[in-house]
Amino acid sequence: MQIDGKAPYDSQNVFARILRGEVPCNKVFENEWVMAFHDIAPKAPVHVLIIPRQAYVSFMDFHTKASPDEIVGVMRSVGEVARHMGLEKNGYRLITNAGPDSGQEVPHFHIHLLGGKPLPLFPV
Ligand code: 5GP
């Protein structure tokens, strides 16, 4: 399915259901801005998904609608999760897919945090 990163928010998407506690997840971190949990199909030794608590379809939706306080809160939280996962010494990669060309699968804005080994160069 192709995700339109600007479509109306679907409150039944799986990350919305994880936020509501309707679907289990392996949580690693949470604060007032975000929840972070292990990806169900990890692509690296550490593969964590960081999602805002509020409803945004994609990064396009987030950067246009979120308040400055929320943007700062979410971005600072991403750094906190990376530190919490012990990735600051050797580094990590952040990825967010937004819209059809990116291959975004879940229509709730999320940032992939990948690390734990030297990662292959970008495929594109
Ligand atoms: P996207 O392609 O949208 O950027 O990435 C979605 C990610 O969510 C994928 O890496 C996929 O493995 C992960 N994912 C999909 N469904 C679930 C789920 O129910 N639980 C968890 N923890 N991850 C999921």
Side-chain angles (χ1 to χ4, degrees):
M1 178 180 54
Q2 290 213 320
I3 299 289
D4 177 346
K6 291 181 167 175
Y9 186 78
D10 169 14
S11 62
Q12 291 307 311
N13 79 75
V14 69
F15 293 171
R17 299 188 67 208
I18 285 174
L19 280 167
R20 292 196 295 267
E22 296 167 6
V23 170
C25 73
N26 192 349
K27 193 189 312 180
V28 297
F29 181 95
E30 66 180 330
N31 64 15
E32 69 178 297
W33 304 109
V34 304
M35 182 184 288
F37 48 88
H38 289 287
D39 195 293
I40 204 168
K43 308 293 188 300
V46 176
H47 186 174
V48 165
L49 300 169
I50 304 157
I51 68 175
R53 291 194 178 280
Q54 301 304 318
Y56 301 105
V57 177
S58 73
F59 181 71
M60 293 178 240
D61 208 17
F62 176 72
H63 82 79
T64 52
K65 293 184 187 157
S67 69
D69 279 356
E70 188 178 9
I71 292 174
V72 170
V74 169
M75 287 301 141
R76 286 236 168 89
S77 302
V78 172
E80 285 183 50
V81 177
R83 187 181 317 132
H84 177 76
M85 297 305 293
L87 297 178
E88 285 206 332
K89 180 168 182 286
N90 288 332
Y92 52 86
R93 181 174 294 161
L94 302 174
I95 295 175
T96 188
N97 294 315
D101 280 358
S102 71
Q104 182 181 0
E105 290 174 9
V106 179
H108 180 110
F109 171 45
H110 52 282
I111 296 176
H112 297 254
L113 169 67
L114 297 143
K117 70 167 189 182
L119 299 170
L121 294 177
F122 281 117
V124 289

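Values reported hereafter were calculated over all heavy atoms of this structure, with side chains retained and with hydrogens, waters and symmetry mates removed. Whatever order the structure lists ligands and atoms in, that order sets their numbers, starting from 1.
- Nearest to atom 4 (O) of ligand 1 by heavy-atom distance, out of V48, V106, N97, is N97.
- Q104 places a side-chain N or O within donor-acceptor distance of the main-chain N or O of V106, the cut-off being under 3.5 Å.
- Looking at L49 against ligand 1, only its side chain comes within 4.0 Å, counting heavy atoms.
- Side-chain contact between R53 and V34: absent, with no pair of heavy atoms (C-beta onward) separated by less than 4.5 Å.
- Which of H108, H112, K43, E105 comes nearest to atom 3 (O) of ligand 1 through a heavy atom is settled by distance: it is E105.
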Could you check I51 against F37 for side-chain contact (heavy atoms from CB on, under 4.5 Å), going step by step and ending with a plain yes or no? CA-CA 9 Å; I51 68 175; F37 48 88; 3.7 Å; yes
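- Using cut-offs of 30° and 60° for the angle between ring planes, the Y56 and F62 rings count as perpendicular.
- Proximity to F37 (heavy-atom distance under 4.0 Å) selects the following atoms of ligand 1: 22 (N).
- When non-hydrogen atoms are compared, ligand 1 lies under 4.0 Å from the side chain of F15 (C-beta onward) but not from its backbone.
- Residue-level proximity to ligand 1 for H110 is carried by the side chain, the only part with a heavy atom below 4.0 angstrom.
- Considering only non-hydrogen atoms, atom 18 (C) of ligand 1 lies nearest to I40 out of I40, N26, V23.
- When hydrogens are left out, the protein atom nearest atom 12 (O) of ligand 1 is D39 OD1, 2.6 Å; that is the closest non-hydrogen contact.
- Residue-ligand proximity, A41 to ligand 1, at heavy-atom distances under 4.0 Å covers atoms 12 (O).
- At the shortest separation from atom 22 (N) of ligand 1 among protein heavy atoms lies H38 O, 2.9 Å.
- Residues I95 and L49 do not share a hydrophobic cluster, defined by chaining ILVMFWY side chains whose heavy atoms lie under 4.5 Å apart.
- Looking only at heavy atoms of the protein, atom 19 (O) of ligand 1 is closest to V14 CG2, 3.4 Å.
- Considering CD1 of I18 and CD1 of I40, their distance stands at 7.5 Å, rounded to 0.5 Å.
- Checked against the 6.0 Å centroid criterion, the rings of H108 and H110 do not qualify as a close aromatic pair.
- Atom-to-atom distance recorded for N97:CG and F109:CZ is 11.0 Å, nearest 0.5 angstrom.
- At least one heavy atom of G103 sits closer than 4.0 Å to an atom of ligand 1.
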